[in-house]
Amino acid sequence: MAAREHLTESGVRYPRAMLPPDALDDLASSLQRLGRLLASRQATSRVTQAAKVEVSQQGAALLRSLLRGGRQSMASLAAAAAMDLGAVSRQVRALEQLGAVRRSSDPDDGRVVLLQLTAKGRRMAENLRTVGVRHIGDALRDWPEEDARALAALLGRLIDDLRATPVPSRGRNGVKAVS
(Lines give C-alpha, C1' and ligand atoms only; values in the text may rest on other atoms or scores of the structure.)
Protein backbone atom coordinates (compact mmCIF):
# COMPACT_ATOMS: atom_id res chain seq x y z
CA MET A 1 0.00 0.00 0.00
CA ALA A 2 1.46 3.35 -1.00
CA ALA A 3 2.00 5.86 1.79
CA ARG A 4 0.02 9.06 1.49
CA GLU A 5 0.63 12.40 3.13
CA HIS A 6 -1.26 13.34 6.28
CA LEU A 7 -1.67 16.78 7.89
CA THR A 8 -2.00 17.00 11.70
CA GLU A 9 -3.85 19.72 13.64
CA SER A 10 -0.47 21.33 14.29
CA GLY A 11 0.12 21.59 10.52
CA VAL A 12 2.91 19.00 10.39
CA ARG A 13 2.89 16.83 7.29
CA TYR A 14 4.18 13.28 7.32
CA PRO A 15 3.64 10.11 5.29
CA ARG A 16 0.84 7.86 6.50
CA ALA A 17 1.51 4.14 6.68
CA MET A 18 -0.96 1.51 7.81
CA LEU A 19 0.09 -0.84 10.59
CA PRO A 20 -1.26 -4.36 10.90
CA PRO A 21 -4.09 -4.82 13.46
CA ASP A 22 -1.86 -6.67 15.95
CA ALA A 23 0.64 -3.79 16.01
CA LEU A 24 -2.21 -1.29 16.47
CA ASP A 25 -3.60 -3.42 19.31
CA ASP A 26 -0.15 -3.52 20.96
CA LEU A 27 0.08 0.26 20.65
CA ALA A 28 -3.41 0.74 22.11
CA SER A 29 -2.52 -1.54 25.01
CA SER A 30 0.71 0.34 25.71
CA LEU A 31 -1.10 3.68 25.58
CA GLN A 32 -3.74 2.38 28.01
CA ARG A 33 -1.00 1.24 30.39
CA LEU A 34 0.69 4.64 30.13
CA GLY A 35 -2.60 6.45 30.73
CA ARG A 36 -3.38 4.32 33.79
CA LEU A 37 0.13 4.87 35.16
CA LEU A 38 0.03 8.64 34.68
CA ALA A 39 -3.53 8.93 36.03
CA SER A 40 -3.01 6.69 39.04
CA ARG A 41 -3.36 8.13 42.51
CA GLN A 42 -0.32 6.11 43.60
CA ALA A 43 1.92 7.71 40.96
CA THR A 44 0.63 11.19 41.84
CA SER A 45 1.06 10.47 45.53
CA ARG A 46 4.71 9.49 45.00
CA VAL A 47 5.35 12.72 43.09
CA THR A 48 3.51 14.97 45.58
CA GLN A 49 5.32 13.32 48.51
CA ALA A 50 8.72 13.70 46.84
CA ALA A 51 7.88 17.34 46.03
CA LYS A 52 6.64 17.88 49.62
CA VAL A 53 3.36 19.26 48.28
CA GLU A 54 0.19 18.11 50.02
CA VAL A 55 -2.54 18.32 47.39
CA SER A 56 -4.90 15.89 45.72
CA GLN A 57 -4.24 14.34 42.33
CA GLN A 58 -6.58 16.87 40.72
CA GLY A 59 -5.06 19.72 42.71
CA ALA A 60 -1.61 18.78 41.41
CA ALA A 61 -2.94 18.78 37.84
CA LEU A 62 -4.45 22.25 38.33
CA LEU A 63 -1.25 23.65 39.83
CA ARG A 64 0.76 22.34 36.86
CA SER A 65 -1.79 23.73 34.39
CA LEU A 66 -1.71 27.15 36.03
CA LEU A 67 2.08 27.11 36.03
CA ARG A 68 2.13 26.29 32.29
CA GLY A 69 -0.72 28.56 31.23
CA GLY A 70 -0.55 31.45 33.69
CA ARG A 71 -3.67 33.34 34.74
CA GLN A 72 -6.78 31.85 33.16
CA SER A 73 -10.50 31.43 33.52
CA MET A 74 -12.08 28.47 35.28
CA ALA A 75 -13.29 27.10 31.92
CA SER A 76 -9.83 27.44 30.34
CA LEU A 77 -8.24 25.76 33.34
CA ALA A 78 -10.74 22.88 33.16
CA ALA A 79 -9.92 22.40 29.47
CA ALA A 80 -6.15 22.63 30.07
CA ALA A 81 -6.32 20.06 32.87
CA ALA A 82 -8.87 17.87 31.02
CA MET A 83 -11.20 18.05 34.01
CA ASP A 84 -14.90 18.66 34.60
CA LEU A 85 -15.77 22.26 35.51
CA GLY A 86 -17.43 21.16 38.77
CA ALA A 87 -14.33 19.24 39.85
CA VAL A 88 -12.15 22.24 39.00
CA SER A 89 -14.36 24.50 41.09
CA ARG A 90 -14.09 22.18 44.11
CA GLN A 91 -10.32 21.81 43.72
CA VAL A 92 -9.81 25.55 43.29
CA ARG A 93 -11.59 26.12 46.61
CA ALA A 94 -9.22 23.64 48.28
CA LEU A 95 -6.19 25.31 46.63
CA GLU A 96 -7.45 28.73 47.77
CA GLN A 97 -7.68 27.43 51.35
CA LEU A 98 -4.05 26.34 51.06
CA GLY A 99 -3.11 29.81 49.84
CA ALA A 100 -1.94 28.42 46.48
CA VAL A 101 -4.47 30.06 44.14
CA ARG A 102 -6.20 33.42 44.04
CA ARG A 103 -9.25 34.59 42.11
CA SER A 104 -9.69 37.94 40.39
CA SER A 105 -12.21 39.45 38.01
CA ASP A 106 -11.44 39.65 34.33
CA PRO A 107 -10.92 43.37 33.58
CA ASP A 108 -12.58 42.89 30.17
CA ASP A 109 -15.59 40.96 31.50
CA GLY A 110 -16.40 41.23 35.20
CA ARG A 111 -18.53 38.08 35.03
CA VAL A 112 -15.46 35.95 34.32
CA VAL A 113 -13.31 34.81 37.23
CA LEU A 114 -9.60 34.48 36.55
CA LEU A 115 -7.38 32.15 38.54
CA GLN A 116 -3.69 32.49 39.14
CA LEU A 117 -1.02 31.02 41.34
CA THR A 118 0.08 32.85 44.44
CA ALA A 119 3.79 32.89 45.31
CA LYS A 120 3.17 29.81 47.48
CA GLY A 121 1.23 28.10 44.67
CA ARG A 122 4.04 28.84 42.21
CA ARG A 123 6.58 27.22 44.55
CA MET A 124 4.30 24.20 44.96
CA ALA A 125 3.77 23.88 41.20
CA GLU A 126 7.48 24.32 40.46
CA ASN A 127 8.32 21.62 43.02
CA LEU A 128 5.83 19.27 41.35
CA ARG A 129 7.26 20.05 37.91
CA THR A 130 10.86 19.59 39.09
CA VAL A 131 10.14 16.19 40.64
CA GLY A 132 8.06 15.06 37.62
CA VAL A 133 10.68 16.17 35.11
CA ARG A 134 13.46 14.55 37.12
CA HIS A 135 11.44 11.30 37.30
CA ILE A 136 10.94 11.20 33.53
CA GLY A 137 14.58 12.17 33.01
CA ASP A 138 15.71 9.32 35.24
CA ALA A 139 13.46 6.89 33.37
CA LEU A 140 14.95 8.05 30.04
CA ARG A 141 18.53 8.26 31.33
CA ASP A 142 19.78 5.42 29.13
CA TRP A 143 17.92 6.61 26.03
CA PRO A 144 19.80 8.53 23.34
CA GLU A 145 18.65 12.17 23.30
CA GLU A 146 17.34 11.84 19.75
CA ASP A 147 15.10 8.92 20.83
CA ALA A 148 13.67 10.91 23.74
CA ARG A 149 13.01 13.92 21.48
CA ALA A 150 11.47 11.64 18.84
CA LEU A 151 9.19 10.10 21.49
CA ALA A 152 8.00 13.55 22.58
CA ALA A 153 7.33 14.58 18.98
CA LEU A 154 5.61 11.31 18.09
CA LEU A 155 3.37 11.37 21.17
CA GLY A 156 2.39 14.95 20.39
CA ARG A 157 1.57 13.98 16.82
CA LEU A 158 -0.41 10.95 18.00
CA ILE A 159 -2.45 13.12 20.38
CA ASP A 160 -3.19 15.59 17.55
CA ASP A 161 -4.27 12.75 15.26
CA LEU A 162 -6.41 10.99 17.88
CA ARG A 163 -8.24 14.25 18.60
CA ALA A 164 -8.79 14.90 14.90
CA THR A 165 -9.84 11.36 13.93
CA PRO A 166 -13.49 10.33 14.32
CA VAL A 167 -14.06 7.01 16.06
CA PRO A 168 -15.41 4.59 13.42
CA SER A 169 -18.64 2.76 14.09
CA ARG A 170 -17.92 0.08 11.48
CA GLY A 171 -14.79 -1.75 10.43
CA ARG A 172 -13.05 -0.69 7.23
CA ASN A 173 -14.44 -3.74 5.40
CA GLY A 174 -18.05 -2.74 6.20
CA VAL A 175 -18.49 -5.32 8.97
CA LYS A 176 -20.09 -3.85 12.05
CA ALA A 177 -17.57 -3.39 14.86
CA VAL A 178 -18.06 -5.42 18.03
CA SER A 179 -19.40 -3.26 20.86
Side-chain angles (χ1 to χ4, degrees), residues 6-17 19 22-85 87-88 90-92 94-95 98-101 115-165 167:
H6 179 68
L7 180 66
T8 65
E9 281 184 4
S10 61
V12 175
R13 292 183 183 273
Y14 64 94
R16 174 177 281 186
L19 293 174
D22 62 325
L24 293 171
D25 190 47
D26 289 346
L27 177 59
S29 176
S30 293
L31 290 171
Q32 287 171 346
R33 290 177 53 219
L34 177 62
R36 283 193 303 273
L37 172 66
L38 295 176
S40 77
R41 286 191 179 115
Q42 289 175 332
T44 300
S45 178
R46 289 194 310 266
V47 170
T48 57
Q49 286 176 358
K52 297 180 180 9
V53 174
E54 294 185 31
V55 294
S56 68
Q57 181 180 21
Q58 292 175 324
L62 293 179
L63 288 172
R64 288 190 304 262
S65 293
L66 283 166
L67 183 63
R68 277 192 305 273
R71 188 170 75 163
Q72 54 195 292
S73 69
M74 191 87 69
S76 294
L77 182 58
M83 290 172 55
D84 175 79
L85 196 54
V88 170
R90 287 187 297 277
Q91 290 302 316
V92 164
L95 291 171
L98 289 172
V101 172
L115 304 165
Q116 66 186 64
L117 294 172
T118 62
K120 179 181 180 180
R122 179 167 296 284
R123 283 190 304 276
M124 294 167 70
E126 287 173 348
N127 288 347
L128 289 167
R129 178 175 58 190
T130 298
V131 169
V133 166
R134 189 175 302 143
H135 182 226
I136 291 171
D138 287 350
L140 298 175
R141 177 185 20 223
D142 296 331
W143 289 41
E145 181 180 346
E146 58 272 12
D147 286 358
R149 289 186 181 276
L151 175 63
L154 291 169
L155 283 173
R157 192 168 86 195
L158 176 61
I159 290 165
D160 287 348
D161 286 350
L162 286 171
R163 284 184 173 155
T165 303
V167 176

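Note: hydrogens, waters and symmetry copies are ignored here, and every other heavy atom, side chains too, is used.
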Review point. How far does OG1 of Thr44 sit from CG of Leu37, to the nearest 0.5 angstrom?
Key: 9.0 Å

Review point. Just how far is it from atom CG of Leu63 to atom CG of Leu95, taken to the nearest 0.5 Å?
Key: 5.0 Å

**Study point:** Minimum heavy-atom distance between Leu85 and Ala78, given as atom pair plus value
**Key:** CD1-CB, 4.0 Å

Check your understanding: With sequence neighbours left out, which residue pairs that include part of residues 131-150 fulfil the salt bridge (charged side-chain N to carboxylate O under 4.0 Å, His left out) condition?
Key -> Glu145-Arg149

Review point. Rounded to the nearest 0.5 Å, how far apart are CD of Gln58 and CG of Asp84?
Key: 9.0 Å

Review point. When rounded to the nearest 0.5 angstrom, what distance separates CE in Met74 from CG in Leu115?
Key: 5.0 Å

**Study point:** Main-chain N/O of Ala61 paired with Ser65 side-chain donor or acceptor, under 3.5 Å
**Key:** yes

Exercise for review: Find the distance between OG1 (Thr165) and CG (Asp160) and round it off to the nearest 0.5 Å.
Suggested key: 10.0 Å

Could you give the side-chain donor-acceptor pairs of residues 116-129 under 3.5 Å, partners two or more places apart or in another chain?
unit_1: Thr118; atom_1: OG1; unit_2: Gly99; atom_2: O; d: 2.5
unit_1: Thr118; atom_1: OG1; unit_2: Ala100; atom_2: O; d: 3.2
unit_1: Thr118; atom_1: OG1; unit_2: Lys120; atom_2: N; d: 3.4
unit_1: Thr118; atom_1: OG1; unit_2: Gly121; atom_2: N; d: 3.0
unit_1: Lys120; atom_1: NZ; unit_2: Leu98; atom_2: O; d: 2.8
unit_1: Asn127; atom_1: ND2; unit_2: Arg123; atom_2: O; d: 3.4

Review point. Among all residues two or more places apart in sequence or in another chain, which pass the side-chain hydrogen bond (donor to acceptor under 3.5 Å, both in side chains) test with Gln72?
Key: none

**Study point:** For the student: nearest non-hydrogen atoms of Leu77 and Leu62, plus distance
**Key:** CG-CD2, 3.7 Å

Check your understanding: Atom CG of Leu31 and atom CG of Asp26: how far apart are they, to the nearest 0.5 Å?
Key -> 11.0 Å

Check your understanding: Taking all atoms of both residues into account, what is the closest heavy-atom pair of Ala60 and Thr48, and its distance?
Key -> CB-CG2, 4.2 Å

Review point. Of the non-hydrogen atoms in Gly59 and Ser56, which two are nearest, and what is the gap between them?
Key: N-OG, 2.9 Å

